Amino acid sequence: MANAGLQLLGFALACLGWIGFIVCIAIPQWKMSSFAGDAIITAQITYEGLWMSCVMQSTGQMQCKSFDSLLKLDSTIQATRALMICGILVGFFAMCIAAVGMKCLTCLQDDEVKKAKVGVVGGALFIVAGLCVLIATAWYGDKIAKDFYNMFTPTNSKYEFGPALFIGWAGAALAIIGGALLCCSCPRKETSYPPPRGYNKSAPPAGKDYV
């Protein structure tokens, strides 16, 4: 039962991480305008994500504009998009496969070893999905940091980390931890011993005949 509870905990954490992937890729707050420097402008805040850029006024009104051309986008955004989509797709398949391998469900109940192996495969896919999202968010965040500390970048063009990056990092951590817990349900190999040899009691023992 403890193993089943650990498996259920891993599945729940991994699913929460996968939901974090979707929230991360959907919201535009991947980077936000920085107020570092002498000239601080608080009238509006600029956000930029993978699909659109938004401007929030001091009144709370937000106006967003989608990116027009895919080919004009920076290579970092294109690669981040691809990794995030791969992470979401792999996470979806991992969730379906891991659900089949859950001990609390009746799927593949006749073969416990195969059921446990299916759960391990789902956990491994969750780890791959988490790594995809972790690489994507870390790559995007590294570009933000390099542009921020670049002396040739104008002060009013500097950005800081947005909430989407933190959501992505948290989701990736949950998916990796949950996948690792699912992999812990791998069945142990049982040592098989050969059956004991029987002795034929009906046959008389071989001996020498003495005259």
Side-chain angles (χ1 to χ4, degrees), residues 9-37 45-56 64-67 69-98 120-184:
L9 176 62
F11 184 76
L13 291 177
C15 288
L16 286 176
W18 184 74
I19 295 174
F21 298 168
I22 298 177
V23 175
C24 175
I25 196 174
I27 63 177
Q29 287 88 353
W30 277 67
K31 63 180 181 180
M32 54 187 297
S33 55
S34 174
F35 298 125
I45 303 176
T46 302
Y47 296 104
E48 188 172 320
L50 299 181
W51 312 99
M52 64 183 69
S53 60
C54 300
V55 176
M56 176 177 286
C64 298
K65 182 179 183 298
S66 301
F67 296 136
S69 176
L70 176 64
L71 299 178
K72 290 183 180 180
L73 292 177
D74 187 75
S75 59
T76 303
I77 297 180
Q78 296 181 10
T80 304
R81 279 183 179 183
L83 287 172
M84 288 298 298
I85 293 174
C86 287
I88 292 175
L89 291 178
V90 173
F92 175 76
F93 290 116
M95 186 168 52
C96 296
I97 294 174
V120 171
V121 172
L125 290 178
F126 268 125
I127 294 176
V128 173
L131 289 177
C132 287
V133 175
L134 182 62
I135 293 173
T137 50
W139 192 355
Y140 196 93
D142 179 70
K143 185 177 184 303
I144 295 175
K146 286 181 178 179
D147 292 340
F148 183 86
Y149 291 109
N150 189 357
M151 63 179 64
F152 298 105
T153 303
T155 304
N156 57 355
S157 299
K158 292 185 177 182
Y159 289 89
E160 295 182 358
F161 297 155
L165 287 180
F166 298 102
I167 295 175
W169 288 332
L174 289 176
I176 293 173
I177 295 174
L181 292 178
L182 287 172
C183 290
C184 291

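Just so it is clear, the model here is predicted, and its values are computed rather than measured. By convention here, the first residue in the shown sequence is residue 1. Scope of the values below: all heavy atoms of this structure, side chains included, with no hydrogens, waters or symmetry mates.
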> So I25 and V133, side-chain contact (heavy atoms from CB on, under 4.5 Å) or not? Walk me through it.
Replying inline: CA-CA 10 Å; I25 196 174; V133 175; over 6 Å; no
> Does the pair L174 and C15 meet the rule for a side-chain contact (heavy atoms from CB on, under 4.5 Å), with working shown?
Replying inline: CA-CA 8 Å; L174 289 176; C15 288; over 6 Å; no
>> Checking Y159 against E48 for the side-chain contact (heavy atoms from CB on, under 4.5 Å) test, could you report, in this order, the C-alpha distance in whole Å, the side-chain angles of both residues, the deciding distance, and whether it holds?
In response: CA-CA 9 Å; Y159 289 89; E48 188 172 320; 4.2 Å; yes
>> Applying side-chain contact (heavy atoms from CB on, under 4.5 Å) to L13 and L181, what does each step give before you reach the verdict?
In response: CA-CA 9 Å; L13 291 177; L181 292 178; 4.1 Å; yes
Under 3.5 Å, which donor-acceptor pairs link side chains of residues 75-88 to any protein atom two or more places apart or in another chain?
{"residue": "T76", "atom": "OG1", "partner": "D74", "partner atom": "OD2", "Å": "3.0"}
{"residue": "Q78", "atom": "NE2", "partner": "L70", "partner atom": "O", "Å": "2.8"}
{"residue": "Q78", "atom": "NE2", "partner": "L73", "partner atom": "O", "Å": "3.4"}
{"residue": "T80", "atom": "OG1", "partner": "T76", "partner atom": "O", "Å": "2.6"}
{"residue": "R81", "atom": "NE", "partner": "L50", "partner atom": "O", "Å": "2.7"}
{"residue": "R81", "atom": "NH2", "partner": "L50", "partner atom": "O", "Å": "2.6"}

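By the ring-ring contact (aromatic ring centres under 6.0 Å, His included) test, F166 is found to be paired with W169, residues two or more places apart in sequence or in another chain being considered. Residues forming a side chain to side chain contact (heavy atoms under 4.5 Å, CB included) with C64 (at least two apart in sequence, or on another chain): M52, C54, M62. Every residue meeting the ring-ring contact (aromatic ring centres under 6.0 Å, His included) condition with Y140, not counting sequence neighbours, appears here in chain and number order: W30. In terms of the ring-ring contact (aromatic ring centres under 6.0 Å, His included) criterion, W18 has no residue partners (sequence neighbours excluded).
Listed by first then second residue, pairs satisfying side chain to side chain donor-acceptor pair (under 3.5 Å) with a partner in residues 86-95 number zero, not counting sequence neighbours.
Contact check for F67 versus S53: side-chain heavy atoms found under the 4.5 Å cut-off.
Counting all heavy atoms, side chain and backbone alike, T137 lies closest to G168 at CG2-CA, 4.1 Å. Nearest heavy-atom pair, A124 versus C183, reported as atom, atom and distance to 0.1 Å: N-SG, 3.6 Å.
Interatomic distance, F11 CZ to L16 CG, rounded to the nearest 0.5 Å: 10.5 Å. Rounding to the nearest 0.5 angstrom, the gap separating the CE atom in M32 from the OH atom in Y47 is 4.5 Å. Distance check, rounded to the nearest 0.5 Å: CG of L182 to CD1 of I127 gives 8.5 Å. The SG atom of C24 lies 14.0 Å from the CD1 atom of I19; values are rounded to the nearest 0.5 Å.
The backbone N or O of F148 lies less than 3.5 Å from a partner atom in the side chain of K158, making a donor-acceptor pair. With S33 contributing its side chain and T46 its backbone, the two residues share a donor-acceptor pair below 3.5 Å.
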